[in-house]
Amino acid sequence: MFHSELISLDNEVFRCYIGWSALLVLKMFAMSLLTGLMRFITLTFANPEDLMSPKLKVKFDDPNVERVRRAHRNDLENILPFFAIGLLYTLTNPSAFLAINLFRAVGISRIVHTLVYAVVVVPQPTRALSFFVALIATAYMAVQVIAAAAF
């Protein structure tokens, strides 16, 4: 049975979910801007109409641009599932303490993942740890949603 109060700003779990979701949306927008900035810094453009000089050539293989693009793609592969499962998890009426900390874990670890992958490159296992924190938290929420659905 659906309880409409679960999808309400009066519900601290839902409020936390939408806050972290909005922050992660802004983070993904920032990745688009960072990709563009990196293209300008390295003069690496993928489209002929973007070339700022006739001396420049279309280029697809700058390692700095590709690193930022891979980090952005990783966000798309991991943050979008969080949006769906986080909302469904909110509907299971979870413990506020646990849910809020799971949302924080996903949000913070995705930000750290970007920082150590695309902004200030840090050796492994930092990136892997930040990736797995978010993955495990999101997978835990998915399992809880499945258990609550009891299908």
Side-chain angles (χ1 to χ4, degrees), residues 6-9 11-53 56-148:
L6 294 176
I7 302 295
S8 164
L9 292 178
N11 179 358
E12 66 180 322
V13 171
F14 181 67
R15 198 169 53 248
C16 185
Y17 164 76
I18 63 172
W20 279 105
S21 293
L23 187 64
L24 289 173
V25 165
L26 292 177
K27 187 205 130 0
M28 289 193 305
F29 285 163
M31 292 305 292
S32 296
L33 297 174
L34 184 58
T35 302
L37 178 65
M38 193 58 64
R39 285 189 183 285
F40 278 100
I41 289 171
T42 62
L43 298 175
T44 304
F45 301 101
N47 302 299
E49 66 271 15
D50 297 337
L51 299 175
M52 300 179 333
S53 163
L56 295 175
K57 303 278 186 223
V58 171
K59 188 175 176 188
F60 297 102
D61 61 352
D62 183 87
N64 297 309
V65 172
E66 291 307 308
R67 176 177 288 277
V68 174
R69 291 182 71 228
R70 285 191 306 272
H72 192 185
R73 185 178 65 217
N74 191 279
D75 278 349
L76 295 170
E77 294 167 350
N78 292 277
I79 293 173
L80 296 179
F82 164 74
F83 291 157
I85 208 63
L87 178 60
L88 295 174
Y89 182 63
T90 299
L91 296 175
T92 68
N93 197 20
S95 151
F97 175 81
L98 180 58
I100 289 168
N101 283 300
L102 287 168
F103 298 156
R104 285 178 182 154
V106 171
I108 292 168
S109 65
R110 291 310 308 171
I111 292 167
V112 168
H113 183 271
T114 294
L115 292 175
V116 301
Y117 192 15
V119 179
V120 179
V121 180
V122 175
Q124 290 285 23
T126 308
R127 188 176 84 233
L129 290 171
S130 62
F131 170 81
F132 282 112
V133 166
L135 180 72
I136 291 167
T138 304
Y140 174 82
M141 289 185 275
V143 169
Q144 295 305 307
V145 168
I146 291 168

Quiz item: Hey, what do you get for NZ (K27) to OG (S32), rounding to the nearest 0.5 Å?
Solution: 10.0 Å
Quiz item: Excluding sequence neighbours, so at least two apart, what forms ring-ring contact (aromatic ring centres under 6.0 Å, His included) with F14?
Solution: none
Quiz prompt | Student check: side-chain heavy atoms of F103 and T90 closer than 4.5 Å | solution = yes
Quiz item: Which heavy atom of A99 sits nearest a heavy atom of Y89, and at what distance?
Solution: CB-CE2, 3.6 Å
Practice problem: Measure the CG-CG distance between L37 and N64 for me, rounded to the nearest 0.5 Å. | Solution: 11.0 Å
Exercise. Under the ring-ring contact (aromatic ring centres under 6.0 Å, His included) rule, collect the residues that match up with Y117, sequence neighbours excluded.
Key: H113
Quiz item: Does the N11 side chain pair with the main chain of I7, one donor and one acceptor, at a distance under 3.5 Å?
Solution: no
Exercise. Could you tell me the separation between the CG atom of L33 and the NE2 atom of H72, rounded to the nearest 0.5 Å?
Key: 9.5 Å
Quiz item: Once you round to the nearest 0.5 Å, how far does OG1 of T44 lie from CG of L51?
Solution: 10.5 Å
Quiz item: Is the side chain of R15 donor-acceptor paired with the backbone N or O of L9 at a distance under 3.5 Å, no angle test?
Solution: yes
Quiz item: Does R70 pair with E66 as a salt bridge, N-O distance under 4.0 Å?
Solution: no
Practice problem: Starting at CZ of F29, measure out to CG of L34 and round the result to the nearest 0.5 Å. | Solution: 15.0 Å
Quiz item: Has R69 got more than 12 heavy atoms of other residues, nucleotides or ligands less than 6.0 Å from its CZ?
Solution: no
Practice problem: Would you check if T92 and L88 make a side-chain contact, meaning some heavy-atom pair closer than 4.5 Å? | Solution: no
Quiz item: Taking all atoms of both residues into account, what is the closest heavy-atom pair of S109 and S130, and its distance?
Solution: CB-O, 3.3 Å
Quiz prompt | F45 side chain reached by K57 side chain, heavy atoms, under 4.5 Å | solution = no
Quiz item: What do the steps show when you test T138 against V106 for side-chain contact (heavy atoms from CB on, under 4.5 Å), and what is the final call?
Solution: CA-CA 7 Å; T138 304; V106 171; 3.7 Å; yes
Quiz item: Are the side chain of N47 and the backbone N or O of E49 linked by a donor-acceptor pair below 3.5 Å?
Solution: no
Practice problem: Identify the heavy atoms of V122 and T126 that sit nearest to each other, and give their distance. | Solution: CG1-OG1, 3.5 Å
Quiz prompt | Minimal non-hydrogen separation, R39 against A46, with atom names | solution = NH1-N, 3.8 Å
Self-check item: For M31 against A71, the heavy-atom pair lying closest together
Solution: CE-CB, 3.7 Å
Practice problem: Would you name the heavy atoms of L91 and L6 that are closest together and state the gap between them? | Solution: O-CD1, 3.3 Å
Quiz item: OG1 of T114 to CG of D75: how many Å apart, nearest 0.5 Å?
Solution: 4.0 Å
Quiz item: Is there a side-chain contact between V133 and V112 (heavy atoms, below 4.5 Å)?
Solution: no
Quiz item: Do K59 and L43 have side chains that get closer than 4.5 Å, going by heavy atoms?
Solution: no
Quiz item: Would you call the rings of F82 and Y17 parallel, tilted or perpendicular, where under 30° means parallel and over 60° means perpendicular?
Solution: tilted
Self-check item: Student check: side-chain heavy atoms of I85 and V145 closer than 4.5 Å
Solution: yes
